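First listed ligand is number 1; within each ligand, the first listed atom is number 1. Nothing here was measured: the structure is a model prediction, and the numbers come from that model.
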Amino acid sequence: MDLKSNEPFWLLKNGLISSYPSLKSDEECDVLIIGGGITGSLIAHQMIKDGYQTILIDKREICNGSTSATTSMLQYEIDTPLYKLIELIGEKGAVESYKACSKSIDDLEKITKEIKARSGFKRKQSLYFASKKKDAVWLEKEYEARKKAGFNVTWLGIEDVEERFGFQNTYGGILSKQGASIDAFKFAHELLRFNVNKGLKVFDKTEMKSVKYLRDHNLALTKDNFSIKAKRIIYCVGYESSSMIKEHFVNVKSTFAIVSEVDTDKFKNIEQTLVWNTDKPYIYMRSTDDERLLIGGGDEDFSDPEKRDLLLTKKEKDIRRHLKRIKPDYHFYTDFAWAGTFGETKDGLPYIGTHDNFKNSYFVLGFGGNGITFSVTGMEMVSAFMRNETHQLSEYFKFGR
Ligand SMILES: Cc1cc2nc3c(=O)[nH]c(=O)nc-3n(C[C@H](O)[C@H](O)[C@H](O)COP(=O)(O)OP(=O)(O)OC[C@H]3O[C@@H](n4cnc5c(N)ncnc54)[C@H](O)[C@@H]3O)c2cc1C
């Protein structure tokens, strides 16, 4: 599966931060992590902290999957509104899922400090605005549900949105205190470098071809026929998990993003804010630490890379048109446009836990607009699983739910 088109901004901005050797001998470890994107890097950080001998492999260069294409908005807000999630899975699970994403933002900040990261973690508020009059009705209901659950939210009327953000043609929205943004590509590289110094072994261009699931360990075989004996395997393989697991659990889609030229003064009023709207598919935007505006959206229900990349020019225009509608006076000069693979689950929640067909193994698959915050929650969940403990979210994030 080709997970992105050729020009993701983060890949160009950061270049090849670190390259690792491919595996050239047989190895043995406590934990084998398959996948070196943001998820695998976070899980590796946890496993090293917990004292396990850990190996991480990736079939590509490190972070060359979805992690290079992401917009890296860190939100407590899940793609499924809280009031809807309550209807779907009950109040306890829904509120706990939202709270877990909120905690993930705090946890991520702590990790960036712990490893002295320079990947631009920045706390931001978040504006979720109604783009149609009829959407304002359910968005107000959503505001009430979030307030009841204890989140720090304010309802902004049409004039408030215009006054604070200069946005026209909105129908009000929810302003949340909790949120942040980061450069996930650079951060994942920083995490790996930090943990390699603590004993983590990383091999890129090393593809897991097959695994023998034995009684108390697994034997993973790579494409070059080297083996890794591991007590546990943690699959952090992102959207490519859809080809490993027989049942249908995720709708794999295409999504698009554009980033502006550096613009030091024109978009000041959303520098401290993540913005998204109620359109289906929704449009989302943030600024970057080098003062660009990054906008994503335009999702399509297919993942065929050729078809996806042919749409890039049209999608760039569509996304700019959406921006023009709320900010008619602003001219967006596109510097880079790219496409990536994205996944949607039936409830907006991730899949984190065991799967009957993969013994001694766990999956950490953070899908949707909260892929990154879910992966952070995956750290404490996997840490608990490794101690043979359950986690209060296992029930809501498990396969077959
Ligand atoms: C345009 C776009 C915007 C997004 N915006 C946001 C956002 O604002 N906020 C947010 O939280 N999320 C966002 N997401 C989602 C987020 O980017 C993903 O959830 C996240 O990057 C997934 O990281 P990952 O490490 O799980 O997957 P990946 O980065 O895809 O990493 C998986 C790795 O597994 C490796 N792999 C797969 N199979 C094998 C194998 N057999 N052997 C060895 N290695 C293997 C792959 O090579 C790959 O590098 C966005 C995604 C896109 C595309």
Side-chain angles (χ1 to χ4, degrees), residues 1-5 8-10 22-23 32-44 56-79 101 104-105 108 126 179-182 184-185 187-188 191 203-211 220-223 228 233-244 250 252-259 274 276 281-282 284-286 294-299 303 308 315 319 337-344 350-352 363-378:
M1 188 186 280
D2 180 0
L3 294 170
K4 55 168 199 316
S5 64
F9 171 60
W10 307 111
S22 58
L23 185 70
L32 169 63
I33 297 171
I34 302 177
I38 183 66
T39 309
S41 308
L42 286 163
I43 299 298
L56 179 147
I57 61 169
D58 197 300
K59 65 181 183 183
R60 301 181 169 88
E61 285 287 309
I62 288 301
C63 291
N64 266 238
S66 306
T67 300
S68 62
T70 182
T71 47
S72 289
M73 289 173 35
L74 305 173
Q75 294 178 285
Y76 78 97
E77 309 159 272
I78 298 172
D79 289 350
C101 284
S104 289
I105 299 171
L108 260 179
S126 167
S181 65
I182 196 168
F185 176 85
F187 178 56
L191 271 172
F203 301 99
D204 65 17
K205 301 273 170 60
T206 300
E207 179 167 354
M208 185 277 294
K209 191 179 66 180
S210 63
V211 178
L221 206 63
T222 70
K223 211 173 162 195
I228 306 173
I233 292 183
I234 307 178
Y235 290 97
C236 303
V237 291
Y239 302 116
E240 282 164 311
S241 55
S242 60
S243 52
M244 287 176 64
V250 59
V252 180
K253 299 176 144 207
S254 296
T255 188
F256 303 84
I258 59 177
V259 70
L274 310 171
W276 62 312
Y282 59 82
Y284 47 103
M285 61 178 122
R286 55 164 284 198
L294 174 49
I295 318 183
D299 303 4
S303 63
R308 176 193 72 198
K315 289 291 176 182
I319 293 174
W338 66 98
T341 302
F342 198 64
E344 232 177 44
Y351 285 86
I352 302 176
F363 283 83
V364 184
L365 307 172
F367 295 127
N370 298 78
I372 300 169
T373 44
F374 283 142
S375 297
V376 180
T377 305

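With hydrogens left out, the protein atom closest to atom 26 (O) of ligand 1 is Thr39 OG1, 2.6 Å, a heavy atom. Of the protein's non-hydrogen atoms, Gly238 CA, 3.7 Å is the one closest to atom 27 (O) of ligand 1. With respect to atom 49 (O) of ligand 1, the closest heavy atom belonging to the protein is Asp58 OD2, 2.6 Å. Among all protein heavy atoms, the one lying closest to atom 18 (C) of ligand 1 is Tyr239 OH, 4.0 Å. The shortest contact between atom 51 (C) of ligand 1 and any protein heavy atom is with Phe342 CD1, 3.7 Å. Of the protein's heavy atoms, Thr67 OG1, 3.3 Å lies nearest to atom 21 (O) of ligand 1. From the protein, the heavy atom lying nearest to atom 53 (C) of ligand 1 is Thr341 O, 3.3 Å. The protein heavy atom nearest to atom 37 (C) of ligand 1 is Glu240 OE1, 3.2 Å.
An N or O contact shorter than 3.5 Å links Thr70 to ligand 1 by distance. For a threshold of 3.5 Å applied to N or O pairs, the pair formed by Val364 and ligand 1 contains no separation below that value.
With 3.5 Å as the limit, one finds a donor-acceptor pair spanning the side chains of Thr39 and Ser375. Side-chain atoms of Ser66 and Thr341 form no donor-acceptor pair, as typed in the model, at a separation below 3.5 Å.
Selection from Lys253, Met73, Lys59 by nearest heavy atom to atom 9 (N) of ligand 1 gives Met73. Proximity annotation for atom 2 (C) of ligand 1: of Ser68, Ser241, Ala69, Gly340, Ala69 comes nearest, heavy atoms only. The heavy atom nearest to atom 20 (C) of ligand 1, considering only Thr71, Ile38, Leu365, Ile62, is found in Ile38. Between atom 30 (O) of ligand 1 and the options Gly378, Ala188, Ser66, Gly40, the minimum heavy-atom separation is to Ser66. In this comparison of Gln75, Met208, Met244, the heavy atom closest to atom 41 (N) of ligand 1 sits on Met208. With atom 52 (C) of ligand 1 as the reference point, the heavy atom nearest to it among Val211, Ile372, Leu294, Thr255 is part of Thr255.
Counting only distance, with no hydrogens or angles, the side chain of Ser72 and the backbone of Ala184 share a donor-acceptor pair below 3.5 Å. A side-chain donor-acceptor contact under 3.5 Å links Ser243 to the backbone of Glu240. Under the 3.5 Å distance criterion, the side-chain polar atoms of Arg286 are matched with a main-chain donor or acceptor of Thr71. Put simply, the side chain of Lys315 gets close to the backbone of Gly298: a donor and an acceptor are under 3.5 Å apart. In this structure, the side chain of Trp10 does not engage the main chain of Thr67 through any donor-acceptor pair within 3.5 Å.
Gly296 does not count as a contact of ligand 1, since none of its heavy atoms falls under 4.0 Å from the ligand. Tyr284 counts as a contact of ligand 1, since one of its heavy atoms falls under 4.0 Å from the ligand. For Gly368, the closest heavy-atom approach to ligand 1 falls below 4.0 Å. Note on ligand 1: Thr206 sits in its first shell, one or more heavy atoms being nearer than 4.0 Å.
Less than 4.0 angstrom separates some heavy atom of Asn370 from each of these atoms of ligand 1: 11 (O). Against a heavy-atom cut-off of under 4.0 Å, Gly371 is close to the following atoms of ligand 1: 10 (C), 11 (O), 12 (N), 19 (O). Numbered from 1 in the order shown, with element, the atoms of ligand 1 that lie under 4.0 Å from a heavy atom of Gly65 read 29 (O), 30 (O), 49 (O). Counting atoms of ligand 1 from 1 in the listed order, those under 4.0 Å from a heavy atom of Gly366 are 19 (O). The contact set between ligand 1 and Arg60, taken as ligand atoms under 4.0 Å from a residue heavy atom, comprises 46 (C), 47 (O), 48 (C). Using a 4.0 Å cut-off to heavy atoms of Gly37, the atoms of ligand 1 that qualify are 25 (O), 29 (O), 31 (O). Listed by number with element, the atoms of ligand 1 under 4.0 Å from a non-hydrogen atom of Cys236 are 32 (C), 33 (C), 34 (O). Near Gly35, the atoms of ligand 1 lying under 4.0 angstrom from a non-hydrogen atom of the residue are 33 (C), 34 (O), 35 (C).
Between Asn370 and Gln75, some side-chain heavy-atom pair lies under the 4.5 Å cut-off. By the 4.5 Å heavy-atom criterion applied to side chains, Phe187 and Leu42 are counted as neighbours. Within the 4.5 Å cutoff, the side chain of Phe374 has heavy atoms near those of the Ile78 side chain. Inter-residue side-chain proximity for Ser22 and Thr206 is flagged as met; some heavy-atom pair is nearer than 4.5 Å. Annotation: side chain of Trp276 is in contact with side chain of Ser126 (closest heavy-atom distance under 4.5 Å).
Distance CZ/Phe367 to OG/Ser241: 4.0 Å, rounded to 0.5 Å. Between atom CG of residue Asp299 and atom OG of residue Ser254 there is a gap of 8.5 Å, rounded to the nearest 0.5 Å.
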Derivation of the side-chain contact (heavy atoms from CB on, under 4.5 Å) call for Glu61 and Lys205:
CA-CA 6 Å; Glu61 285 287 309; Lys205 301 273 170 60; 2.9 Å; yes

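Phe342 and Tyr239 have tilted rings, their planes meeting at an angle from 30° to 60° on a 0 to 90° scale.
When Leu23, Leu56, Ile62 are each tested for a side-chain contact (heavy atoms from CB on, under 4.5 Å) with Asp204, only one passes: Ile62.
Neither the backbone nor the side chain of Ala184 has a heavy atom within less than 4.0 Å of ligand 1.
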